[in-house]
Colleague: 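This is the structure I have questions about; it appears just below.
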Amino acid sequence: MAPVNPFRRPLAELADDDFLAVDEKTPYDEVLGRMRGSHAGSLVVTKGGKVTGVFTERDVLNRCALESVGGGTPVGTLMTPKPATLALTATVAEALTLMHGRRVRNIPLVDEKGAPKGLLTVGRLIRFLAYAFPAEVVNLPPRPGQVSDETEGA
Amino acid sequence: MLCLDCGKDNLPGDDHCAGCGHDLPAPPSRRPDDELAGRMRKGKVLDLKPRPAVSVAPDAPVADAVRLMREEKVGAILVVKAGKVVGIMTERDVLYEVAGSRDPQAVNVVDVMHVNPDFLGADEPISYAFHHMSVGGYRHMPVELPDGNVGMVSSRDLLAYLADSK
């Protein structure tokens with residue numbers, strides 16, 4: 001049996017069901033509140049149940065932070081429209097290629113009707129790949145060469 | 001056992017994350033790509049091609065830092081006082097601490113920055129950058145460059161390295 005290559009794993013394994021999705025009409029202040037409340041840096045924007053955009057911390061930095069954006073402004077006017085999307089059956093390799101090639105850090109995952117089924121962030125992708133290489137990444141001490149002075153629990 | 005949802009490092013064998021309660025993934029049954037594992041051990045942080053860090057003073061208004069971040073197209077800015085790095089401010093801090101709630105001209109960088117950020121060494125293995133960004137949840141990290149300057153690597157640089165490896 002060949003080793004399991006993490007790059008060939010389907011995105012369904014990474015997808016969560018607690019990502020944020022809001023309608024285009026949702027006001028800016030409500031969107032900010034939900035992102036802060038969920039410790040999220042991005043969310044999916046929809047219209048009629050289909051993905052039409054993403055709204056990210058980069059959008060906030062570039063379009064909102066210095067501008068007088070009213071709290072009632074619909075997020076649909078602030079979002080990044082027409083984001084690249086992938087199906088849950090797409091692979092980690094495809095997601096990596098898309099993020100790297102299109103220079104995006106958030107990819108909405110959609111079903112065949114375009115409805116949101118997840119949001120793949122660069123942080124989640126990196127955590128997944130780190131977990132695939134536990135000996136190299138996850139079990140490392142915080143600094144190279146670090147040795148504990150005490151046995152665990154001492 | 002790393003939680004894919006919140007990043008908490010749980011005890012091996014745990015079924016649920018102690019941080020957020022979500023299910024933890026089953027461990028991989030087989031060792032994955034050994035070639036990439038080797039590259040991650042042998043590659044150096046310098047191979048991630050750190051870019052010169054953009055910096056700002058701690059008493060500068062957040063608005064100035066945001067303008068600089070826009071001009072330089074960066075998601076994080078180092079906060080430097082008397083030639084010493086004292087903090088880092090990211091676009092996440094702007095989202096959480098300023099946007100829609102405070103006047104960016106009236107708030108100073110020192111009030112929203114993270115103090116004393118972790119550094120990477122240019123000669124450290126890439127796996128250390130990977131470790132800090134996955135376990136620590138960082139998306140930008142300063143790097144001590146051989147010439148004495150400070151550079152910055154991002155999760156995007158790590159993606160580029162991985163994209164070339166798959």
Side-chain angles (χ1 to χ4, degrees), chain A residues 1-9 13-14 16 18 28-29 31-33 35-36 39-41 56-62 64-66 69-71 91-93 96-97 99-101 103 105 121-144, chain B residues 1-7 9 22 25 27-34 36-38 40-41 62-63 66-67 69-70 75 90-92 94-96 98-101 104-105 118 121 123-128 130-137 139 154-156 158-160 162-166:
Chain A
M1 184 176 159
V4 177
N5 185 332
F7 295 117
R8 293 182 189 153
R9 307 276 279 271
E13 293 186 17
L14 286 74
D16 55 35
D18 60 356
Y28 176 56
D29 57 0
V31 168
L32 289 180
M35 291 171 88
R36 289 171 183 150
H39 304 289
T56 73
E57 55 201 343
R58 180 57 61 97
D59 295 325
V60 171
L61 181 83
N62 284 339
C64 309
L66 301 181
V69 179
T91 63
V92 168
L96 193 52
T97 300
M99 274 192 190
H100 177 51
R103 298 184 62 79
R105 292 178 301 181
T121 65
V122 63
R124 193 171 181 82
L125 186 56
I126 284 178
R127 283 205 297 277
F128 174 83
L129 289 169
Y131 179 73
F133 297 93
E136 284 73 24
V137 178
V138 179
N139 298 332
L140 289 173
R143 308 306 310 170
Chain B
M1 175 89 49
L2 197 64
C3 176
L4 294 179
D5 291 301
C6 72
D9 201 6
H22 288 185
S29 56
R30 287 277 193 156
R31 176 145 182 80
D33 192 332
D34 282 333
L36 176 55
M40 283 178 10
R41 280 195 301 268
V62 168
V66 169
R67 283 188 202 99
M69 291 166 79
R70 287 181 178 182
T90 72
E91 55 198 358
R92 182 75 52 106
V94 175
L95 165 65
Y96 285 1
V98 182
S101 60
Q105 196 64 48
D118 287 333
D123 288 332
E124 287 179 354
I126 278 182
S127 53
Y128 279 84
F130 213 154
H131 176 83
H132 278 280
M133 288 188 184
S134 58
V135 177
R139 284 186 306 142
S154 71
S155 52
R156 197 190 294 284
L158 201 50
L159 274 194
L162 293 169
D164 290 340
S165 305
K166 71 179 187 301

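Here the structure is a predicted model, which is why all the values come from computation and not from measurement. Sequence lines set the chain letters: A, B, ... in the order given, protein chains first and strands last, and positions in each chain run from 1. Heavy-atom basis, side chains included; hydrogens, waters and symmetry copies ignored.
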Colleague: Can you say whether Val69(A) sits under 4.5 Å from chain B via the side chain, the backbone, both, or neither, judging by heavy atoms?
Modeller: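 No part of it gets close to chain B.
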Colleague: Compare all side-chain heavy atoms of Val122(A) with those of Arg156(B) and state whether any distance is below 4.5 angstrom.
Modeller: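 Val122(A) vs Arg156(B): side chains apart.
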Colleague: Less than 4.5 Å to any heavy atom of chain B: does that hold for the side chain of Asp29(A), its backbone, both, or neither?
Modeller: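 Neither part, no heavy atoms under 4.5 Å.
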Colleague: Considering only heavy atoms, which portion of Arg58(A) lies under 4.5 Å from any heavy atom of chain B: side chain, backbone, both, or neither?
Modeller: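 Both backbone and side chain.
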Colleague: Side chain, backbone, both or neither: which part of Leu158(B) has an atom under 4.5 Å from a heavy atom of chain A?
Modeller: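 The side chain, not the backbone.
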Colleague: Most heavy-atom pairs under 4.5 angstrom with chain B, which of Val60(A), Asp18(A), Leu66(A)?
Modeller: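 Heavy-atom pairs under 4.5 Å are most numerous for Leu66(A).
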Colleague: Determine whether Tyr96(B) and Glu57(A) make a side-chain contact, defined as any pair of heavy atoms from C-beta on separated by less than 4.5 Å.
Modeller: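 No, their side chains stay 4.5 Å or more apart.
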Colleague: Could you tell me whether the side chain of Val92(A) reaches within less than 4.5 Å of the side chain of Pro6(A), counting heavy atoms only?
Modeller: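 No, their side chains stay 4.5 Å or more apart.
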Colleague: Using heavy-atom distances under 4.5 Å, tell me whether Leu125(A) contacts chain B through its side chain, its backbone, both, or neither.
Modeller: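 It is the side chain, since no backbone atom gets that close.
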Colleague: Could you tell me which of Leu32(A), Thr56(A), Leu14(A) has the largest number of non-hydrogen atom pairs under 4.5 Å with chain B?
Modeller: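 It is Leu32(A).
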Colleague: Just so I know, are the side chains of Ser101(B) and Arg36(A) near enough to count as touching, which here means a heavy-atom distance under 4.5 Å?
Modeller: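 A side-chain contact under 4.5 Å exists here.
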Colleague: Between the main-chain N or O of Asn62(A) and the side-chain N or O of Arg70(B), is there a donor-acceptor pair closer than 3.5 Å?
Modeller: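 Side chain of Arg70(B) to backbone of Asn62(A): a pair is present.
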Colleague: Short question: side chain of Arg8(A), backbone of Thr91(A) - any donor-acceptor pair under 3.5 Å?
Modeller: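 Checked: no pair found.
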Colleague: Given heavy-atom pairs under 4.5 angstrom as the criterion, report whether the side chain, backbone, both or neither of Arg92(B) touches chain A.
Modeller: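 Answer is both: backbone and side chain atoms of Arg92(B) are under 4.5 Å from chain A.
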